[in-house]
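Just so it is clear, the values below take in all heavy atoms, side chains as well, and ignore hydrogens, waters and symmetry mates. Starting from 1, each residue takes its place in the sequence as its number.
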Amino acid sequence: MTTEHPKRIWVTGASTGLGHALALHLLSLGHQVAVSGRAPFDALPGNLLSRCLMLDGDLNDAAQAERMSQCIQDHWGALDTLILNAGTCDYLDEQASGTALFEALIASNLAASSHGLDSALPLLLAGRKAHVVGILSSLTAIQQHESSQWPTAQNSLGQWFSETRSRLSPQEIDLTLVTPQTLKKPVTQSIALPQQWTADTAALAIIDRLPRRMPEMVLEALSTSSLWPLRR
């Protein structure tokens, strides 16, 4: 099954896990997909590679983010969808452990999301009905530093995406946040029970709902590692 309206899509944190599964299924539907992350990448079927851009690099580095977006510019000239997979563990320091590990995970995904969006924004403005999708894990949804502090765009990925939505809305760019529930900012009034998601089932559920451009989707996973394998 293929889509009648192929899109140009950039999926970050896509070398393995949920990001890779999203890229695989989007390619299978006939979309053009830029896949970014740190090598090595899980393999993709050879028949899909003609529509795929492989972008090896670290979005924590603004210069590398610009290099990736320039590659997309050179090949496609625009983007219709940016998927910021901000549950990934690709950017961790090998020396981090304990509390420092979780602090580094949140900080690295904040930086990667910010650099990714900043570099992609001109491409989205040139695209068709542009759409940004942010995906958080139960770890990256946690507020950085002291939890008693009020969430800000500097200490909370959820808050950063919320403020980013307000920034993108006047430019007619929709933003969908895929996230687990949090006590401070619940997505829905009903309780979402954790499910045994795999990378494939979660990817298909997200893709199926993308055309609705919902402001939020709830993704409660029993196992974080099944969607975001720990890599250093």
Side-chain angles (χ1 to χ4, degrees), residues 8-15 17-19 22-23 34-38 53 55-73 78-93 96 100-127 130-145 149-180 182 184-185 215-217 219 228 231:
R8 297 155 294 186
I9 302 172
W10 182 3
V11 184
T12 74
S15 55
L18 176 59
L22 284 165
V35 178
S36 71
R38 282 188 177 179
L53 292 178
L55 305 174
D56 179 17
D58 187 345
L59 282 179
N60 269 304
D61 185 329
Q64 292 190 50
E66 287 294 336
R67 174 181 58 78
M68 294 181 206
S69 64
Q70 185 59 53
C71 182
I72 296 172
Q73 170 69 44
L79 270 178
D80 306 308
T81 304
L82 171 66
I83 300 179
L84 295 167
N85 177 25
T88 180
C89 303
D90 275 359
Y91 310 111
L92 294 184
D93 186 334
L101 180 72
F102 296 108
E103 297 263 340
L105 180 62
I106 297 166
S108 66
N109 278 280
L110 267 167
S113 298
S114 178
H115 293 156
L117 178 61
D118 286 347
S119 66
L121 187 55
L123 295 168
L124 290 165
L125 291 171
H131 190 193
V132 174
V133 181
I135 305 176
L136 305 185
S137 69
S138 59
L139 298 178
T140 57
I142 298 172
Q143 184 176 313
Q144 192 180 22
H145 309 310
Q149 299 176 8
W150 192 252
T152 69
Q154 288 71 48
N155 66 19
S156 165
L157 266 166
Q159 183 63 25
W160 181 84
F161 275 108
S162 178
E163 294 184 16
T164 296
R165 178 185 288 115
S166 299
R167 179 159 62 97
L168 295 178
S169 180
Q171 301 178 78
E172 299 185 342
I173 300 175
D174 294 327
L175 188 147
T176 296
L177 181 60
V178 183
T179 179
T182 64
K184 285 189 176 182
K185 296 187 71 175
E216 286 93 17
M217 298 184 207
L219 178 63
W228 297 278
R231 297 179 61 184

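Evaluation of the side-chain hydrogen bond (donor to acceptor under 3.5 Å, both in side chains) rule for Thr140 yields Ser137 as partners, not counting sequence neighbours. Taking the side-chain hydrogen bond (donor to acceptor under 3.5 Å, both in side chains) definition, one finds that Glu66 meets it with nothing, sequence neighbours left out. Not counting sequence neighbours, the partners of His131 by the side chain to side chain contact (heavy atoms under 4.5 Å, CB included) test are Thr81, Val133, Asp174, Thr176, Leu210, Arg213. In terms of the side chain to side chain contact (heavy atoms under 4.5 Å, CB included) criterion, residue partners of Ala107 (sequence neighbours excluded) are, by chain and number, Gln144. By the side chain to side chain contact (heavy atoms under 4.5 Å, CB included) test, Ala78 pairs with Arg8, Ala126, sequence neighbours left out. Applying the side chain to side chain contact (heavy atoms under 4.5 Å, CB included) test to Ser114 and every residue at least two apart in sequence or in another chain returns Asp118, Trp160. Under the rule for a side-chain hydrogen bond (donor to acceptor under 3.5 Å, both in side chains), the partners of Ser138 that lie at least two apart in sequence or sit in another chain are Thr224. Not a single side-chain hydrogen bond (donor to acceptor under 3.5 Å, both in side chains) links Asp56 to another residue, sequence neighbours left out.
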Chi angles and distances behind the side-chain contact (heavy atoms from CB on, under 4.5 Å) call for Thr179, Phe161: CA-CA 11 Å; Thr179 179; Phe161 275 108; over 6 Å; no

From CA spacing to verdict: side-chain contact (heavy atoms from CB on, under 4.5 Å), Leu157, Asn109: CA-CA 8 Å; Leu157 266 166; Asn109 278 280; 3.7 Å; yes

Audit row: Ile72, Leu55, side-chain contact (heavy atoms from CB on, under 4.5 Å) steps and yes/no: CA-CA 9 Å; Ile72 296 172; Leu55 305 174; 4.1 Å; yes

Stepwise side-chain contact (heavy atoms from CB on, under 4.5 Å) test for Leu124 and Trp10: CA-CA 10 Å; Leu124 290 165; Trp10 182 3; over 6 Å; no

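The two atoms that bring Leu123 and Gln73 nearest to each other are CD2-OE1, 3.1 Å, heavy atoms only. Here the shortest heavy-atom pairing between Val35 and Ala23 reads CG2-CB, 3.6 Å. Between Asn60 and Ala111, the shortest heavy-atom contact is OD1-CB, 3.1 Å. Between Gly116 and Leu82, the shortest heavy-atom contact is O-CD2, 4.2 Å.
Separation of atoms CZ (Arg167) and CG (Leu175) is listed at 10.0 Å; rounding is to 0.5 Å. Rounding to the nearest 0.5 Å gives a distance of 8.5 Å between CG of Asp61 and CZ of Arg67. In this structure, OG on Ser113 lies 8.0 Å from CG on Leu136, to the nearest 0.5 angstrom. Rounded to the nearest 0.5 Å, atoms CG (Leu121) and CG (Leu168) are 6.5 Å apart. For the atom pair Leu110 CG and Ser156 OG, the distance stands at 7.5 Å (nearest 0.5 Å). The distance from atom NE2 of His115 to atom OG1 of Thr12, rounded to the nearest 0.5 Å, is 13.0 Å.
Judged by distance alone, with hydrogens and angles left aside, the side-chain atoms of Ser162 form no donor-acceptor pair with the main-chain N or O of Gly158 at under 3.5 Å.
Enclosure of atom CD in Gln171 by more than 12 non-hydrogen atoms of other residues, nucleotides or ligands within 6.0 angstrom is indicated.
If you run side-chain contact (heavy atoms from CB on, under 4.5 Å) between Ile135 and each of Ile83, Val11, Leu84, only Ile83 comes through.
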